[in-house]
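To start, the structure under review is shown below, and the notes come after it.
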Amino acid sequence: MGKGREFRISSFAFRVYDGRVDKLLEVRGLTVELATAAGWVRPVNGVSLGIGAGEALGLVGESGSGKTMLALALMGLLPEGARVGGEARLDGQFSGKNLAGLGERDWRAVRGREIAMVFQEPMTSLNPVMRVGAQIAEAIRAHEPELPTAEVQRRVLAALERAAVPEPRDRAAQFPHQLSGGLRQRAMIAMALAGGPRLLIADEPTTALDVTVQKQILDLLDTLRRELRLGLLFITHDLGVVAQVAGRVAVMYAGRIVEEGPAHEVLARPRHPYTAGLLAASPRLRRSKLAPIPGTVPQLTALPPGCAFEPRCAQRRPECAAALPELRAVSADHAARCVLV
Ligand SMILES: Nc1ncnc2c1ncn2[C@@H]1O[C@H](COP(=O)(O)OP(=O)(O)OP(=O)(O)O)[C@@H](O)[C@H]1O
Ligand code: SF4
Ligand SMILES: [Mg+2]
């Protein structure tokens, strides 16, 4: 199955984004292939999406649906040997260049400066034996090696303040283990902001935090989006969290976008049975009894020939297994990949 076909079946997404020149990021038919013992698999399969400046897109899906792999493709951080197809374009300095075809040299000009990422567990991305301030300084120097020390220090404090870290001077002098989980995540966000990126990818940034701290981090990301006109790709497996930060939501299943639309609409009236299943399984959004989705995400080495959700879908019908359903328009800015639409 070539990427040409993906372009055709994703025509809805293209129509929506093609006319807009203000999109910070436009992704079209992006595919990531990885070699496994059982052959090549596609954790990201013909994904199309767009994010404007100051816009937050929530990317939702169960574990293994390909969310992180998509983010790593946008950061040029895929595992060695990965094959990338399709397109990802940034406006501005890199407009016209396809990120999917960049070499490492160009990636260094994009990563951190145009697109930055914060990860789920800050402890794995922070250096445990280096003071927080020194790590942020290192991130700043990586982009601007010529900056005088005093200016680097000023920017370190400014980044910590941006991330609403209280007493930034004291915190900068501490080691990561001396900070609470929430402060560590703020330090990560400060580091991500140090290079002045226009797009921030947050991959499950609050999963390891308790609910109160989680809310504070979500509020911080929302403030940064508004005040810095930052594009935000917010990744989570929890639809309840998406409602708090994202204006739009894209639902991913087995490497493909199965539903995309305004967050309030998708949450109130999901059109793909998988999205409806996620809603019914979300403790935050469900007042009555929780109903987990039966079954598990299919193995990428053994994807069903038709709708990938078919083996788990209570509404399946014979045609669902015959061919991959197209992404069908529900309204002008809402689409779902289901024969019921
Ligand atoms: N190095 C690798 N080689 C082959 N397959 C991989 C590799 N890394 C991940 N995968 C597979 O790619 C798929 C997508 O993984 P990914 O980490 O993107 O999922 P995710 O949506 O981020 O899940 P989670 O919510 O658990 O973080 C999974 O099926 C995973 O097993
Ligand atoms: S295409 Fe068929 S199997 Fe797939 S989600 Fe829709 S109804 Fe269910
Ligand atoms: Mg992940």
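Heavy-atom basis, side chains included; hydrogens, waters and symmetry copies ignored. For ligands, and for the atoms within them, numbers begin at 1 and follow the listed sequence.
Taking both residues in full, the closest heavy atoms of Ile136 and Ala194 are given as CG2-CB, 4.2 Å, listed atom of the first, atom of the second, then distance. The minimum heavy-atom distance linking Gly76 with Glu104 is given by the pair O-OE1, 4.4 Å. When all heavy atoms are compared, the tightest approach of Ala329 to Val341 is O-CG1, 3.9 Å. The minimum heavy-atom distance between Ala172 and Arg131, with the atom names listed, is O-CB, 3.7 Å.
For atom 22 (O) of ligand 1, the closest non-hydrogen atom on the protein side is Thr68 OG1, 2.8 Å. Protein heavy atom in closest approach to atom 2 (C) of ligand 1: Leu34 CD1, 3.6 Å. Protein heavy atom nearest atom 1 (N) of ligand 1, with residue, atom name and distance: Pro79 CG, 3.9 Å. Summary of contacts: the protein heavy atom closest to atom 11 (C) of ligand 1 is Leu300 CD1, 4.4 Å. Closest to atom 21 (O) of ligand 1 among all protein heavy atoms lies Lys67 NZ, 2.8 Å.
In this structure, of Ser63, Gly64, Gly81, the residue bringing a heavy atom nearest to atom 15 (O) of ligand 1 is Gly64. Distances from atom 13 (C) of ligand 1 to the heavy atoms of Ala71, Gly61, Pro43 show the closest one on Pro43.
Neither the backbone nor the side chain of Asp203 has any atom closer than 4.0 Å to an atom of ligand 1 (non-hydrogen atoms only).
Shown in contact with Glu62 at under 4.0 Å from a heavy atom are these atoms of ligand 1, numbered in order with element: 21 (O). Short contacts between ligand 1 and Glu204, defined as distances under 4.0 Å to a heavy atom of the residue, involve ligand atoms 25 (O). Each of the following atoms of ligand 1 lies closer than 4.0 Å to a heavy atom of Thr36: 4 (C). Counting atoms of ligand 1 from 1 in the listed order, those under 4.0 Å from a heavy atom of Met69 are 7 (C), 8 (N), 9 (C), 10 (N), 18 (O).
Taking CG of Leu183 as the reference point, atom CE of Met188 lies at 14.0 Å (rounded to 0.5 Å).
Classified by interplanar angle (parallel below 30°, tilted 30° to 60°, perpendicular above 60°), the ring pair Tyr253/Phe309 is perpendicular. Relative orientation of the His272 and Tyr274 rings is perpendicular, given thresholds of 30° and 60° on the angle between their planes.
Annotation: side chain of Val339 is not in contact with side chain of Cys307 (no heavy-atom distance under 4.5 Å).
Residues Lys23 and Glu26 are not paired through a salt bridge, judged by the lack of any N-O separation under 4.0 Å between the basic side chain and the carboxylate.
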Just do the side-chain contact (heavy atoms from CB on, under 4.5 Å) check on Asp106 and Lys97 with the steps written out, would you?
-> CA-CA 10 Å; Asp106 277 336; Lys97 276 205 182 182; 3.2 Å; yes
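Note that atom 31 (O) of ligand 1 has no protein non-hydrogen atoms nearby, at separations under 4.0 angstrom.
When the side chains of ILVMFWY residues are joined at heavy-atom separations under 4.5 Å, either directly or via intervening members, Trp107 and Leu70 end up in a single hydrophobic cluster.
For atom 6 (Fe) of ligand 2, the neighbouring protein N/O/S atoms at less than 2.8 Å, given as residue and atom, are Cys338 SG.
For Glu144, the CD atom sits in a packed shell: over 12 heavy atoms of surrounding residues, nucleotides or ligands are nearer than 6.0 Å.
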